[in-house]
There are 2 protein chains.
Amino acid sequence: MGTGLTRREREKRRQRGDMLAAALELFSEKGYHHVSMKAIAKRAEFALGTVYRFFSNKEDLYKAAMREKAGEYHRTLTDALSGEQDVLAALNGYISAKAKIFAPNAEVFYLYFAETGGISFNLRAGLHKEIGQLHDDLIERLASVMGKGVRARILRDLDPHDMAVALEGLTNAFLLSWLKNPERHPYDESISTISKLFLEGSLAG
Amino acid sequence: MGTGLTRREREKRRQRGDMLAAALELFSEKGYHHVSMKAIAKRAEFALGTVYRFFSNKEDLYKAAMREKAGEYHRTLTDALSGEQDVLAALNGYISAKAKIFAPNAEVFYLYFAETGGISFNLRAGLHKEIGQLHDDLIERLASVMGKGVRARILRDLDPHDMAVALEGLTNAFLLSWLKNPERHPYDESISTISKLFLEGSLAG
DNA sequence: CTTCTATATTGTGACGTTGTGTTCTACTTC
DNA sequence: GAAGTAGAACACAACGTCACAATATAGAAG
């Protein structure tokens with residue numbers, strides 16, 4: 001068997017995954033506190049007790065679900081940044097990868113965004129730190145690409161970290177704006193707008 | 001009497017204000033659902049019933065508090081944009097006004113973002129729409145300044161609305177980053193970084 | 001002008017109700 | 001018969017009510 005797991009173990013993984021998916025759906029629809037464990041169990045088509053067999057409590061379930069998504073998000077974007085490509089291609093790749101992962105996960109992304117913030121809602125503090133680190137890591141990788149661009153004299157000689165933060169902010173703003181009003185800002189158009197604004201700025205030359 | 005209010009009325013306003021302040025403090029410390037009405041009453045030094053005399057329920061109190069802050073925020077920034085000033089001065093004024101209002105209210109912004117989760121958490125939908133409109137209005141005003149800049153050939157001939165969104169995103173990103181790590185990014189430095197990046201972009205000239 | 005009492009207004013916090021997280025035991029399936 | 005599943009039952013926390021207490025106001029009497 002390819003995976004090295006018994007049938008039973010695979011089964012459990014699948015069940016766990018179903019529960020996580022159901023939970024994530026509900027959480028992003030209604031927010032953590034407006035979702036009951038019963039509702040999650042029902043959505044996942046398990047009995048309440050079964051859910052508790054997999055996750056020791058609601059908090060735990062929430063964390064696992066968020067961690068999963070955060071990991072997926074982080075993986076997608078670091079993948080987009082790695083590889084032997086020239087700097088501008090890497091940046092464009094990053095922007096479009098972000099758009100691509102953002103679109104289907106917009107609602108979860110909100111939760112993620114809320115979590116990346118600085119505040120310590122005492123619960124979840126551990127998770128918060130964890131996700132924050134992923135975010136920092138991403139910024140760092142982005143900054144390293146920027147640094148490469150600076151050394152190659154493709155980018156202006158500014159603090160790479162600042163540039164990374166700037167690009168992050170630009171993409172977020174456009175993606176949120178796209179989310180609010182999809183017709184006005186079709187997202188492939190947004191990609192080139194972001195890239196142009198980031199690279200050339202707004203000042204008349 | 002200057003205000004045209006009776007002493008009693010002024011007194012009530014003050015009490016209401018105290019309650020709102022206490023609520024906002026607690027909400028942004030712990031998040032909406034982790035704060036009980038009892039706790040708010042205690043912090044404001046009133047009995048529970050008295051709070052209910054002013055606000056018909058917890059939701060109402062939350063909304064009032066958020067509305068208050070949103071109004072203040074919006075007013076500050078529109079003020080910064082209005083007035084007879086040249087475009088670049090207006091933009092710089094906007095950025096620093098935003099930094100100024102952002103700093104002491106960061107936790108409240110997080111709260112709003114985290115709690116509303118953006119999308120339709122059915123409760124609070126009304127409030128969310130309301131605040132969304134304020135935001136749209138702000139973007140529009142910013143876009144109008146950008147448009148003026150374009151016509152004056154100070155800014156590149158791009159969609160003013162896009163430029164507004166871009167500036168909004170840049171400032172948010174830097175302010176969040178500053179909040180996370182105040183030493184690394186003192187905010188007056190950030191202001192000039194934002195302005196430079198926005199105007200000139202990152203591409204080596 | 002002050003004092004005193006009747007009335008109206010405002011403040012209080014114990015309590016009933018409801019909803020939800022978690023546990024526990026009986027049942028099903030393999 | 002062992003492992004897994006189910007959902008009823010329990011405990012608890014928080015909202016919002018309400019009957020009562022305290023306080024303020026008004027205006028009559030001294």
Quiz item: Salt bridge check: are Glu72(B) and Arg75(B) linked by an N-O gap of less than 4.0 Å?
Solution: no
Exercise. Starting at atom CZ of Phe54(A), determine the distance to atom C1' of dT5(D), rounded to an integer number of angstrom.
Key: 10 Å
Quiz item: Does the side chain of Glu168(B) pick up a donor-acceptor pair with the side chain of Tyr94(B) at under 3.5 Å?
Solution: yes
Exercise. Assess whether salt bridge (charged side-chain N to carboxylate O under 4.0 Å, His left out) is satisfied between Arg43(B) and Glu29(B), documenting all intermediate values.
Key: CA-CA 13 Å; Arg43(B) 170 82 61 114; Glu29(B) 267 169 38; 3.5 Å; yes
Self-check item: Given Leu176(A), Thr171(A), Asn172(A), the one that forms side-chain contact (heavy atoms from CB on, under 4.5 Å) with Phe102(A)
Solution: Leu176(A)
Practice problem: For Glu68(A) and Tyr73(A), test the side chains for any donor-to-acceptor distance below 3.5 angstrom and give the result as yes or no. | Solution: no
Quiz item: Between atom OG of Ser144(B) and atom NE2 of His161(B), what is the distance when rounded to the nearest 0.5 Å?
Solution: 12.0 Å
Quiz prompt | Range on DNA chain C touched by chain A, heavy atoms, distance below 4.0 Å | solution = dG21(C) to dT23(C)
Quiz prompt | Closest-nucleotide 5' rank along DNA chain C - winner of Arg53(A) and Lys58(A) | solution = Lys58(A)
Practice problem: Find the distance Lys12(B):NZ to dT23(D):P and express it as a whole number of Å. | Solution: 18 Å
Self-check item: Atom-pair distance (OH on Tyr52(A); C1' on dG4(D)), nearest Å
Solution: 18 Å
Quiz item: When you match Thr50(B) and Gly49(A) each to their closest nucleotide on DNA chain C, which lands nearer the 5' end?
Solution: Thr50(B)
Quiz item: Got a sec? Which of residues 35-48 of chain A come in under 4.0 Å of DNA chain D, heavy atoms?
Solution: Phe46(A), Ala47(A), Leu48(A)
Quiz item: Can you check the Asn57(A) CG to dA11(D) P distance for me, whole Å?
Solution: 20 Å
Exercise. Give one of base, sugar-phosphate or nothing for Gln15(B), where a contact means two heavy atoms less than 4.0 Å apart.
Key: sugar-phosphate
Quiz prompt | Lys/Arg N to Asp/Glu carboxylate O, Arg141(A) vs Asp137(A), below 4.0 Å | solution = yes
Practice problem: Could you tell me whether Lys63(B) sits above the aromatic face of Phe55(B), with NZ or CZ closer than 6.0 angstrom to the six-membered ring centre and within 45 degrees of the axis? | Solution: no
Quiz prompt | Aromatic ring pairing Phe54(B)/Phe46(B), orientation class (parallel under 30°, perpendicular over 60°, tilted between) | solution = tilted
Self-check item: Rounded distance (Å) that lies between atom P of dG4(D) and atom CZ of Phe55(A)
Solution: 15 Å
